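For reference, positions follow the sequence shown, starting with 1. Just so you know, these numbers come straight off a predicted model, no measurement behind them.
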Amino acid sequence: MSGPSPTTLLHDSSESVILLLLDDDQNRKLLGEWLAAEYDVVRPDGDAVEDSFDLCIVDETSFLQHEDDLETRTDVASPTFLPYLLVSSDESPACTPAAWQVVDEVVTMPIEKGVLRARIEGLLERRRLSVELERKRERSVERFQTLFQTAPDPVFVLDAEGAIQAVNDAFCDLTGVSRIEVNGRPIEEVPAFPSDTVESLTADVRADGGAPDRSPYSVAFTAADGETRHAEINTATMPSDDGFEVVGIFRDVTAHRRRRQELEHQNERLNEFAGMLAHELRNPLGIAQGYLRVARKDGTPTAYDEVDDALGRMEQMIDEMLDLARRPETTGDEEWTAFREVVEDTWKRTVPLDATLVLEDTDEEISTDPDRLSQVFRNLFRNAVEHAGDDVTVRVERTSDGIAVEDDGPGIPEDERRDVFESGYTTNDGTGLGLTIVEQIAEAHGWAVDIDAADDGGARFEISGMKFE
């Protein structure tokens, strides 16, 4: 078929195409000459109707001859209006109920030119409006398709049988599948979705398009990188040629979910800290207040020393509480750090002058967050001083896959070695938080902490899984 498609209509009336299917040569010639002043007139040669048009003027004989062809053209042009004007006699055999499935108007000859012109212009105006509406619809479809494909959130469309009709680029990127793999296939065949997620995604389909508003609801899925992630799904049921379709939009909430869990955990820890702080500070505070009264009354120097010791313990408790509150289970950027320098620097800033540090095979560099590693040694050194006294000897040595820190104190009974990592657990006047922080920092690095007995009976902390070079 040559020329413009059946849905094409130029805006100027002189460019509208009128097809004349008139069996009578004289009538075809006269009507054609009259219409040619305003329209493009097409007069087909032979029996074939190959031209496209905006209006077909047909007489009874030609209509009966081309009825099937004209009906096909009407179907092809749908939903655009393609008008047919039947020129007939008073008793036209062409005016049957079946004919009105194609014919839009009938004029009976003879007819005044003004009336005929009005009929033609009316049909062409309907045609113009129809084409304009179809063009707007096509532009809307194009805009929707562009929005659909470029939407940042993954989108899928299911038909009434639960088969995937469309997915956008974000959906393919998220799940690691291609359109060819999934279009037309049941959503349960998408490997990214476990069975319980598929059940949630197809609930609207099972409800025959009449599901209650469930949005948003949460599902788990496997991302393209193999990670299990979580999403909120908003769905909408829309009418379609086959009944209805379900459009679903993913919103990845994995980070939000993790953050919420972290905040819940942090709130729990803050409540724990508040309780521990209120409980632990009460004892040294009471001691300080008691000796302060004695000092004010008698001026006893030892009373001031006791107040100073109590305040020092309170300061240490507050420092360690802050260490916990600053999330020691996380680390900053890890870097290659001189291990000996971290140990020696921490020792100088932590322990009394009477204490002794022994280092063995510690000249390598370690991959770590230096601040967090320093915190580990600060707490281990403090623990040694608290249990063995100011003149404690601490040995730090390399092991096959980590380090060991041991002291010459009384050691830790075997049945208490796991308990010492619990928050608040202490066997003396300590805070009970230092070793908890050590374990959390180690786990954040991917290390493991174990307790054993030193050769001379003291405590030995072994940290494994470290990277040295």
>> If you apply the rule ring-ring contact (aromatic ring centres under 6.0 Å, His included), what do you find for Trp347 with Phe381, and how did you get there?
In response: CA-CA 7 Å; Trp347 177 266; Phe381 293 159; 4.9 Å; yes

>> One pair to check against salt bridge (charged side-chain N to carboxylate O under 4.0 Å, His left out): Arg258 and Glu227. What are the steps and the verdict?
In response: CA-CA 14 Å; Arg258 288 173 181 167; Glu227 179 187 2; 2.3 Å; yes

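- Note on Glu462 versus Arg460: salt bridge recorded, some NZ/NE/NH1/NH2 to OD/OE distance being below 4.0 Å.
- You'll find the side chain of Val394 stays beyond 4.5 Å of the side chain of Val358, heavy atoms only.
- Contact of the Val396 side chain with the Leu357 side chain is registered, since non-hydrogen atoms from C-beta on lie closer than 4.5 Å.
- Contact record, Val376 with Val438: O-CG2, 3.8 Å, taken as the closest heavy-atom pair.
- The pair Arg179-Asp169 counts as a salt bridge, with a side-chain nitrogen and a carboxylate oxygen less than 4.0 angstrom apart.
- Surrounding CG of Leu353 are at most 12 heavy atoms belonging to other residues, nucleotides or ligands under 6.0 Å away.
- With respect to the salt-bridge test (charged N to carboxylate O, under 4.0 angstrom), the residues Arg259 and Glu262 qualify.
- Taking the side chain as every heavy atom from C-beta outward, Gln375 and Ile441 approach each other to under 4.5 Å.
- Looking at Ser374 and Thr346, their side chains do bring a donor and an acceptor atom within 3.5 Å of each other.
- The number of heavy-atom neighbours closer than 6.0 Å to CD of Glu397, taken from other residues, nucleotides and ligands shown, is above 12.
- For the pair Glu181 and Gly176, the tightest heavy-atom approach, listed with the atom from each and the gap, is OE1-O, 4.3 Å.
- Atom CG of Asp75 sits in a crowded spot, with more than 12 heavy atoms from other residues, nucleotides or ligands closer than 6.0 Å.
- Counting heavy atoms from C-beta outward, Leu201 and Phe156 have side chains that approach closer than 4.5 Å.
- Listed here is the closest heavy atom pair of Ala170 and Pro152: CB-O, 3.6 Å.
- For the 3.5 Å distance criterion, the side chains of His230 and Ser218 fail to qualify, holding no donor opposite an acceptor.
- With respect to the salt-bridge test (charged N to carboxylate O, under 4.0 angstrom), the residues Glu386 and Arg382 do not qualify.
- With rounding to the nearest 0.5 Å, the separation of CD1 in Ile233 from CD1 in Ile249 is 9.5 Å.
- Under the 4.0 Å criterion applied to side-chain N and carboxylate O atoms, Glu364 and Arg398 are assigned as salt-bridge partners.
- Side-chain contact check for Ile164 versus Val157: every heavy-atom pair is 4.5 Å or farther apart.
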>> For a side-chain contact (heavy atoms from CB on, under 4.5 Å) check, start with the C-alpha distance between Asp407 and Thr393, then their side-chain angles and the critical distance, and finish with the verdict.
In response: CA-CA 6 Å; Asp407 59 55; Thr393 296; over 6 Å; no

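- Side-chain contact check for Arg340 versus Val343: every heavy-atom pair is 4.5 Å or farther apart.
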> Passes side-chain contact (heavy atoms from CB on, under 4.5 Å), Phe221 versus Leu174? Steps please.
Replying inline: CA-CA 10 Å; Phe221 65 95; Leu174 181 77; 3.6 Å; yes

>> Using the rule given for salt bridge (charged side-chain N to carboxylate O under 4.0 Å, His left out), can you reason through Arg251 versus Asp153, listing the C-alpha separation, both sets of side-chain angles and the distance that settles it, and then say yes or no?
In response: CA-CA 6 Å; Arg251 186 169 68 91; Asp153 292 324; over 6 Å; no

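- A heavy-atom distance below 4.5 Å is found between the side chains of Asp104 and Leu123.
- Here Thr337 contributes atom OG1 and Asp369 contributes atom CG; the two are 8.5 Å apart, rounded to the nearest 0.5 Å.
- Here the CD-CG distance, from Glu439 to Asp450, works out to 9.5 Å after rounding to the nearest 0.5 Å.
- Between the side chain of Ser78 and the backbone N or O of Thr74, no donor-acceptor pair lies under 3.5 Å.
- Taking both residues in full, the closest heavy atoms of Ala388 and Val392 are given as CB-CG2, 3.4 Å, listed atom of the first, atom of the second, then distance.
- Note that CG of Asp456 is 8.5 Å distant from CZ of Arg395, once rounded to the nearest 0.5 Å.
- Listed for the Ser140 side chain is a donor-acceptor partner under 3.5 Å among the backbone atoms of Lys136.
- When all heavy atoms are compared, the tightest approach of Pro154 to Asn168 is CA-OD1, 3.6 Å.
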> So Thr237 and Glu245, side-chain contact (heavy atoms from CB on, under 4.5 Å) or not? Walk me through it.
Replying inline: CA-CA 6 Å; Thr237 302; Glu245 292 179 335; over 6 Å; no

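- Judged by distance alone, the side chain of His445 and the main-chain N or O of Leu373 form no donor-acceptor pair under 3.5 Å.
- Ion pairing between a basic and an acidic side chain is recognised when a charged N comes within 4.0 Å of a carboxylate O; Arg137 and Glu134 show such pairing.
- Every residue was checked against the side chain to side chain contact (heavy atoms under 4.5 Å, CB included) condition with Lys348, not counting sequence neighbours, and none meets it.
- For Gln261, the CD atom counts as densely surrounded, since its 6.0 Å shell holds more than 12 non-hydrogen atoms of other residues, nucleotides or ligands.
- The CG atom of Leu124 lies 12.0 Å from the OG atom of Ser130; values are rounded to the nearest 0.5 Å.
- Separation of atoms CZ (Phe468) and OG (Ser367) is listed at 10.0 Å; rounding is to 0.5 Å.
- Salt-bridge annotation for Arg135 and Glu132: absent, with no side-chain N of the basic residue lying under 4.0 Å from a carboxylate O of the acidic one.
- Side-chain contact check for Phe244 versus Val246: some heavy-atom pair is nearer than 4.5 Å.
- Two rings, from Phe250 and Phe193, have their centers less than 6.0 Å apart.
- Within a 6.0 Å radius of CZ in Arg296, other residues, nucleotides and ligands contribute 12 heavy atoms or fewer.
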> Would Arg229 and Asp252 satisfy side-chain contact (heavy atoms from CB on, under 4.5 Å), going step by step from the backbone distance to the final call?
Replying inline: CA-CA 8 Å; Arg229 302 185 67 83; Asp252 192 328; 2.7 Å; yes

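- In this structure, Ile366 and Phe339 approach most closely via the heavy-atom pair CG2-CD1, 4.0 Å.
- Around CD of Glu341, the count of heavy atoms belonging to other residues, nucleotides or ligands within 6.0 Å does not exceed 12.
- Remark: side-chain polar atoms of Tyr217 are not paired, donor with acceptor, to backbone N or O of Thr235 under 3.5 angstrom.
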